[in-house]
There are 2 protein chains.
Amino acid sequence: MLIDNKGSSRQLVEKCITCPGMRHCLPHGLKGNEMERVSDMVKHRRPFQRGEQITMMGDEFTSLMVVHSGFVKSYKVSRDGEQQIVGFYMSGDVLGVEGISTGNYGYTAEALETTSVCTLSFRNYEYCSSHFPVMQKWLLNTMSRQIIDEQKMLLMLGKMSAEQRIANFLLDMSRRMSASGTSIQTIRLPMSRIDIANYLGLVVETVSRLLTRLQANDILIVKRRVISIMDLNRLQAIADNSIEDCHPLHHAA
Amino acid sequence: MLIDNKGSSRQLVEKCITCPGMRHCLPHGLKGNEMERVSDMVKHRRPFQRGEQITMMGDEFTSLMVVHSGFVKSYKVSRDGEQQIVGFYMSGDVLGVEGISTGNYGYTAEALETTSVCTLSFRNYEYCSSHFPVMQKWLLNTMSRQIIDEQKMLLMLGKMSAEQRIANFLLDMSRRMSASGTSIQTIRLPMSRIDIANYLGLVVETVSRLLTRLQANDILIVKRRVISIMDLNRLQAIADNSIEDCHPLHHAA
DNA sequence: CGTATTCTTGATGGACATCAAGATACGTGG
DNA sequence: CCACGTATCTTGATGTCCATCAAGAATACG
């Protein structure tokens with residue numbers, strides 16, 4: 001028996017079928033009864049609280065996880081103890097695929113706020129995928145997108161200035177946080193400045209300074225973790241390096 | 001008809017079955033006749049010469065490609081024209097998976113030396129994978145490994161010093177260039193210093209200087225593109241940052 | 001051979017890190 | 001509700017690693 005979520009009590013028995021975010025999560029194209037069967041294999045555990053670890057780097061890979069709600073960061077730890085955040089994940093994003101090849105999770109994933117994830121054991125995934133080709137396509141698409149995103153980050157870390165990195169980061173967050181693909185004006189960042197800096201290969205002071213500068217140039221309004229994009233075009237121009245930098249607020253008026 | 005390589009002439013009709021590197025390439029576990037059928041779908045074209053482009057960023061995604069022999073670099077181009085190398089590929093490495101989600105290749109791949117690649121159209125892949133589960137597993141493993149490798153690069157670019165990056169790069173090349181998993185002492189780098197620098201988020205002068213320094217410290221012997229690792233332990237220590245830097249050859253003896 | 005490309009080496013500069021300290025927000029218990 | 005301690009964020013002064021600029025040396029190549 002592969003399908004094994006029946007026996008265990010104490011887990012929230014919310015079904016994917018009734019989940020409002022279903023269409024971002026379980027692949028489209030499943031027929032009604034197929035959907036039902038896949039849905040039955042997905043476990044919904046108690047949500048994780050801020051700071052709780054969802055996967056630990058090095059732990060045995062067992063399951064793919066889809067973020068249902070909340071916000072997650074993932075980071076690798078190098079041999080000398082340095083941490084590098086490799087991704088932020090929100091509703092619909094998939095955790096754990098890096099474990100498929102090695103059998104161990106490749107990073108530690110940690111909830112940045114109260115977060116619930118839907119878990120599908122890889123065993124069950126394999127069972128599904130052999131019956132429903134659309135599941136296969138879903139995972140390939142997911143992984144392909146992760147590869148693209150990481151390559152974009154390589155470009156950011158390898159070639160872009162601190163200001164460009166911040167601009168791209170904000171635009172990306174704004175876009176991902178809107179349900180649709182269009183960026184929204186005001187976002188509430190769930191992560192600290194330290195996390196942002198770490199993700200972008202900078203230090204916290206640099207992030208702080210640049211946010212201040214972008215505000216002084218009327219491109220952003222920064223209120224702690226709430227950021228409003230006041231001039232999308234100029235922010236995009238900075239991200240693309242298609243203009244000179246914005247003015248470096250020395251003894252400004 | 002999915003299988004379509006019969007009609008076309010002018011392609012080298014080398015069969016995977018007879019390929020010495022087969023076990024690094026087509027997935028193990030295929031039965032004899034399965035192997036035969038998969039093999040028939042794989043096209044072997046005329047090799048690419050140095051500088052020729054194998055895929056162009058933005059072109060329509062049609063096929064997965066496995067490097068049979070030779071050496072390939074791939075790079076993205078940002079909106080302002082900056083290039084960032086995102087990977088080097090050698091025998092057995094797979095190109096093109098990033099195109100699965102978008103339908104377009106995500107980078108330009110270019111031969112660094114005479115290179116032959118084996119091409120499997122994604123259509124045919126899907127046909128295979130639905131019949132031979134081991135093919136599915138093969139692609140998932142491949143993509144999972146690419147994700148891991150890119151995340152390691154994120155750590156390099158985000159947190160490591162120039163010297164650490166070079167050390168890690170050389171160790172990685174040495175390991176990958178040996179048929180087995182153990183590093184070999186002498187490697188011949190197929191890429192220029194400029195490419196190395198670009199890949200590592202540095203400039204060519206920095207790479208040159210650091211190689212010189214590593215040589216002065218008896219860790220390497222550098223002869224143009226031929227590099228011998230004389231002290232693997234110290235090189236590893238530098239890569240891991242588990243010692244202080246090696247001596248910065250000021251007016252040295 | 002002569003020209004181009006790649007690689008090395010030196011001198012100088014700048015972007016971002018580090019060090020230091022104050023300001024603001026946050027949580028907790030009285 | 002306020003007092004107090006702590007974590008987060010901001011701002012300034014200084015330092016450093018690596019980029020930039022410049023030019024020579026070694027190799028490749030027609």
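Order of the sequence lines sets the chain letters (A, B, ...), proteins ahead of strands, with each chain counted from 1. Remember, it's a predicted structure, so these values are computed and weren't measured experimentally. FYI, side chains are in, hydrogens and waters are out, and symmetry mates aren't considered; it's all heavy atoms of this structure.
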Using a 4.0 Å heavy-atom cut-off across all strands, classify [X] as base, sugar-phosphate, or nothing.
X: B/Ser192; answer: sugar-phosphate
X: A/Leu211; answer: nothing
X: A/Arg225; answer: sugar-phosphate

(Q) If the condition is side-chain hydrogen bond (donor to acceptor under 3.5 Å, both in side chains), which residues does B/Ser116 pass it with, not counting sequence neighbours? (A) B/His68, B/Ser69
Q: Please list, chain by chain and in numerical order, all residues satisfying side-chain hydrogen bond (donor to acceptor under 3.5 Å, both in side chains) with A/Arg50, sequence neighbours excluded.
A: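 So A/Arg50 forms no side-chain hydrogen bond (donor to acceptor under 3.5 Å, both in side chains) with any residue.
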Taking only residues two or more places apart in sequence, or in another chain, which ones meet [X] in a salt bridge (Lys or Arg N to Asp or Glu O under 4.0 Å)?
X: B/Asp172; result: B/Arg175, B/Arg176
X: B/Asp59; result: none
X: B/Asp195; result: B/Lys73
X: B/Asp231; result: B/Arg234

Q) End-to-end bend of the helix from C/dC1-D/dG30 to C/dG30-D/dC1 (five-pair axes, 10° rounding)? A)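 Taking the rotation axis at each end, their angle is 50°.
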Show the distances under 3.5 angstrom between N or O atoms of the protein and N or O atoms of nucleotides 20-28 of chain D.
residue, atom, partner, partner atom, Å
D/dT20, O4, B/Arg209, NH2, 3.0
D/dC21, N4, B/Glu205, OE2, 3.0

**Q.** For B/Phe61, ring pair (Phe, Tyr, Trp, His ring centres under 6.0 Å) partners two or more places apart
**A.** B/Tyr105, B/Phe122
Q: Compare the minimum distances between each of C/dC16, D/dC18, D/dT10 and the side chain of B/Ala162, then state the nucleotide with the smallest one.
A: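 Closest nucleotide to the B/Ala162 side chain: D/dC18.
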(Q) For the residue pair A/Asp240 / A/Gln236, report whether a side-chain donor-acceptor contact shorter than 3.5 Å exists. (A)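 Yes, A/Asp240 and A/Gln236 have a side-chain donor paired with an acceptor closer than 3.5 Å.
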Q) B/Ser161 side chain N/O closer than 4.0 Å to the phosphate oxygens (OP1, OP2) of D/dC17? A) no
